[in-house]
Structures are given as C-alpha cells and as structure tokens.
Protein chains: 2
Amino acid sequence: MRPKLNAQPNKSLIDGIATLQALATSPDPVGCRELARRLNIDSVKVNRLLKTLAYLGIARQTADRKYTAGPGMHVLAAQSLFASGLIRNALPVLENLRRFGHTVALGVLWQDNVSYLFHAPPGLEASRGLGRIGLLPATTSGIGIVLLSEYDDADIRELYQGRDIPMFPEGIEQLLAKLAEVRRLGYARVHVADDRDHHIVALSTGDPAHAGVAMSGWIPEAATAPLIEALRAAATEIGG
Amino acid sequence: MRPKLNAQPNKSLIDGIATLQALATSPDPVGCRELARRLNIDSVKVNRLLKTLAYLGIARQTADRKYTAGPGMHVLAAQSLFASGLIRNALPVLENLRRFGHTVALGVLWQDNVSYLFHAPPGLEASRGLGRIGLLPATTSGIGIVLLSEYDDADIRELYQGRDIPMFPEGIEQLLAKLAEVRRLGYARVHVADDRDHHIVALSTGDPAHAGVAMSGWIPEAATAPLIEALRAAATEIGG
DNA sequence: ATTGTCGTTGCTATATTAGTATCACATCAT
DNA sequence: ATGATGTGATACTAATATAGCAACGACAAT
C-alpha cells in the first residue's frame, strides 16, 4: 500500500514539502521560527527551506519579513489540480448529482486522511463548493471508508497500529468488519450519529481507485438504490 | 523583485519541485528517464526524487512502473489553492463580472509567465472556467502586463535581458513604454491584434499586488470606463 | 541471439547540508 | 536608557546525505 522507503530517500525534499504544506495551510503569514516549532524541525533549516521556496516564487515575504504563499504556489496548485483533469472532468458531473437535493462531495484519501476537493450542501452556490474543507480523519468520512476498503486488512492494521480510530471506539476489528461490509456491497453506507440523523452513501472512482464520490443527507434505506445507481454512473464518467 | 539566491539554497528541493511540476503537467504517466530528459537532470537523481514523492503519496506508480500524480498531489493542490482563500474569495466576484458579456479572467504572474486560475468566455459554464489555460508569456496577457507594471524598470530589464519579448518585437524599450502608460492610467488596456479585434482591460489586486483580474472582448474606447470601475470594485473585494 | 530500452540499486567521493555560534534588528518591561 | 527577550539571517566547519558511475534484471523490438 504505502510505498516503501526507497534506497536513497531525499530528506531535504521531504522536509521541504512539509514546509510547503505548513505554509500553505497557515491562514496568516508566519515566521520561520514559528513554522519550525509547528513542524518540529530546526528553525535554521526551515529558514533556508523557506528562502529556497521564496527564490522559486512559491513563498513570498511580507513587509514584516514573515512568509506567506507566493504566486508560484498558485501556479503549482493550478498545475497539479487541473493538469490531471480530475476536477475539470468531475465538476459538471458533480453539479448534475446535486439534483437529488443532498450534499455532494468528491475527495481523495491521503494516508489516513480525506481531503475534499468538492463539498457542497444543497443550496450552496456550486463554485463555492471547491475546497471548502481541509483534511478529515478518513474513518469519519464516507469517502474515506470506501477508499480504505480498497486496501487489504494487513495494510489497514499497519496504518492504524497503536492509534485510536475516530468513530470506531472498539478498535481495529470494528473497522475491518465495516470495510468487509463495504467490499461486499460495493459501496459504503454510513450513519452519521448526530442530531440530524444523516446517512452517507459513497463509492470509489478511478482505476486504480484514488478518489471517492458521495452524497449525504436524510437518506432512508429505500432511497439508497437509485442514489447508488446515480453515483455509479457519475463515478464511471469521472474516473474512466 | 525576484528574491536573491540565499546563503544555502536547498538544491534538492529545487530539483524536487521541478520534478513535481514536470510530473503534474504531464498528461500521461511518464517514466523517470523520460522525465529526466525533459528536465535535463540525471535520470538516477530523478528516479530517487520520484520515489521520494511516491513515498509521500504525491506521486504514484502505475502498473507498468511509470509515474503519475498520486492522491497527495490533489491534497497539496487543494491546500495551496484554497488555504490562501484567493480562489474561494474570487469566484463569486468573478461570476458577477460575467454579466458584462465579456471573457473574465483571474491570473497570477510567476517569473515571466502568467498562470490563469480562472478564464471563462461568455456562455461557458462557470465551473468550467477553472484552470483552463496553463502558462502564457506574461507580455501576451493583459493580466501579465498589469502585474509586470508593479515592478520597476530595472527589474524588468533584468527579467528580459538577452531574450525576445513576445508581442514586443521592438524590444525592451517598447515594453517599458507600455508599462509606464499602465502605471499612469492605473490599469492596462491591451489591443489583441488578431482577426477578432479584441481588447483587454486588466488591473491588479492584492497588497502587495500578486494577482490580476481582466475582462476581454470587443471593448470600444468609450466602454472602458464603466468596465474599469467594475473591475476596481471586484479587485478590492477579492484582494483586500 | 542481439541490441536497445526501461526502472532500479550498491558503491564511494564529494558536494551539500546541519547545527553551532553570532549578528543586527525589533519589541517589551523595567 | 537599559536590559531581556523575541525575530530573521549568515559564516563557519563537521559530517552526512547526495551525485554519478557502473551494473543488474526485465522487457521489447529486431
């Protein structure tokens, strides 16, 4: 599942990307020492990485010498989001799914997190649905569950070894049972145990699967089938 | 203008990001040797960078061992695009600008290129306007011109030293004259010398300026003022 | 078989980076 | 003023992480 560490992993690149992400997810400009503290890396090192990113135009220094995202960040983002074509292909399909009056979402699994690329409750202007939510624990998300089910049990055990699993208080066996159910059905149906009594239905798209589509809202058992059918059509249209 | 190369620039990070971008902009899966040829970097080095990116989940190997974008790429993209809030703030404003019936665009200047984050001709579904166009030479773009005008002449000379300037066959002086005009007016008005006889009006947003908004289409001299006014309102709303 | 790719790794010299100490500049409370 | 703390940034040197060579097995075309 997770690729093994290769012969000569480039540590500078690993730390550099971590810095890049920490910078990207910081809503306000940050100084190098504070960023270093967040990342638990030496501040001099972070400073040099930031200066390198600034040289590339990916970071930018504000008037008070703090760092923030630069134009290169947007270029990088635009390239990586749209070059693959995932979002561009998916958006019209997702808008079409909104006719059911439920929340529509598209997300990817990354390690044990889900990142939503699109997440729009009914009524929200479609263009506002982009990137509304950052990272969520995979097990709290319908898309996360359905994408986790693509891995085999050994991988899942390794991933969650020695850690609490959000939404699965009984631990790994409870999660594995859920994933087995998802594999059997071919889709995930998850009950959201809050006061709104919502359900999520989700399935995966892409070959190999790397993204998930979902609808959530008040979905009684009887209404599941047609929604799954619509999702399946959407998934094939998006993912090829 | 362009940040100086610092004391200890991290070369691994520079090459790593170059590899990341090359991977992102490749529509099909690529092998490490081919990528190395495109980047003019040693193929063994590229291989190790790719394996590191794969370890991070940003790259992914296909069945035939070629490399393509992985889920981490989408996470990175989503984080960098939306964390800053630029796109999220801008989209509703841009949609509103489309009422004039012209092409509406939002872009950033990166080195001597412009990257469009949004570019929608009239009639196009708004959500399709995202990331339609990759990189364009800055001098061929209204947004590029208005963002270049934020730099002073010395920077511009350095940027284009010893190189041809697209759309400015007479060279650097012709470009500098145009930029001076833009600074005087406070916006760019550019004539697109093709058979459609279009004009672009563009102005910058953000403080310090790092993005540009533009409208293009058949815009006679007399119609410029109200468009500029609308753009200016949009720019302050987007950029703060 | 031959020849050409391809991705990948072991090896070793050395270029590159890590971490110390230190600087100049802020801001704050004394 | 004064000292104490914060910041970002750099020179220095030791040590380590990386570059580049050569080579491997796998595949494809000839």
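Residue numbering restarts at 1 for every chain, and letters A, B, ... go by the order of the sequence lines.
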Legend entry - Side-chain donor or acceptor of A/T139 paired with backbone N/O of A/P166 under 3.5 Å: yes
Inset, instruction - Starting from P on C/dT27, measure out to CZ on A/R65 and report it in whole angstrom. - result: 11 Å
Legend entry - Options C/dG19, D/dA9, D/dA19, nucleotide nearest the side-chain atoms of A/Q8: D/dA19
Inset, instruction - Round to the nearest Å and state the distance from A/L49 atom CG to D/dT10 atom P. - result: 14 Å
Inset, instruction - Output the single nucleotide from C/dT8, D/dT10, C/dG10 whose closest atom is nearest the side chain of B/R48. - result: C/dG10
Legend entry - Phosphate OP1/OP2 of C/dT8 contacted by B/N47 side-chain N/O (<4.0 Å): yes
Legend entry - Separation of C/dG19 C1' from A/D15 CG (nearest whole Å): 14 Å
Legend entry - Pairwise 5' ranking along DNA chain D for A/Q61 and B/D42, keeping only the more 5' one: A/Q61
Legend entry - Sugar-phosphate, base or nothing in reach of B/K11, heavy atoms under 4.0 Å: sugar-phosphate
Legend entry - Donor/acceptor link under 3.5 angstrom from A/R33 side chain onto base of D/dG6: no
Legend entry - Residue whose closest nucleotide on DNA chain D lies nearer the 5' end, A/V30 versus A/L13: A/V30
Legend entry - Ionic contact status for B/D112 with B/R163, cut-off 4.0 Å: yes
Legend entry - Atom pair distance, as rounded to whole Å: CD1 in B/I14 and P in C/dA15: 18 Å
Legend entry - Distance, rounded to the nearest Å, where A/D64 contributes CG and D/dT7 contributes P: 13 Å
Inset, instruction - Check whether any side-chain nitrogen or oxygen of A/R37 sits under 4.0 Å from OP1 or OP2 of D/dT7, and answer yes or no. - result: yes
Inset, instruction - Say whether B/S141 and B/Y116, considering side chains only, have a donor N or O and an acceptor N or O under 3.5 Å apart. - result: yes
Inset, instruction - Specify the residue among B/N10 and B/V44 whose closest nucleotide of DNA chain C lies further upstream toward the 5′ end. - result: B/V44
Inset, instruction - Let me know the distance between NZ of B/K66 and P of D/dA28, rounded to the nearest Å. - result: 12 Å
Legend entry - Atom-to-atom span, NZ of B/K45 to P of C/dT9 - whole angstrom: 18 Å
Inset, instruction - Flag the pair A/V114 / A/L135 as yes when at least one side-chain heavy-atom distance between them is below 4.5 Å, and no otherwise. - result: no
Inset, instruction - Measure from CD on A/E34 to P on D/dA9 and round the result to the nearest Å. - result: 15 Å
Inset, instruction - Go through the side-chain N and O atoms of B/K51 and B/Q61 and say whether any donor and acceptor fall under 3.5 Å apart. - result: yes
Inset, instruction - With heavy atoms under 4.0 Å as the rule, sort A/S12 into base, sugar-phosphate or nothing. - result: sugar-phosphate
Legend entry - Under-4.0 Å side-chain N/O to phosphate OP1/OP2 contact, A/Y67 with D/dA9: yes
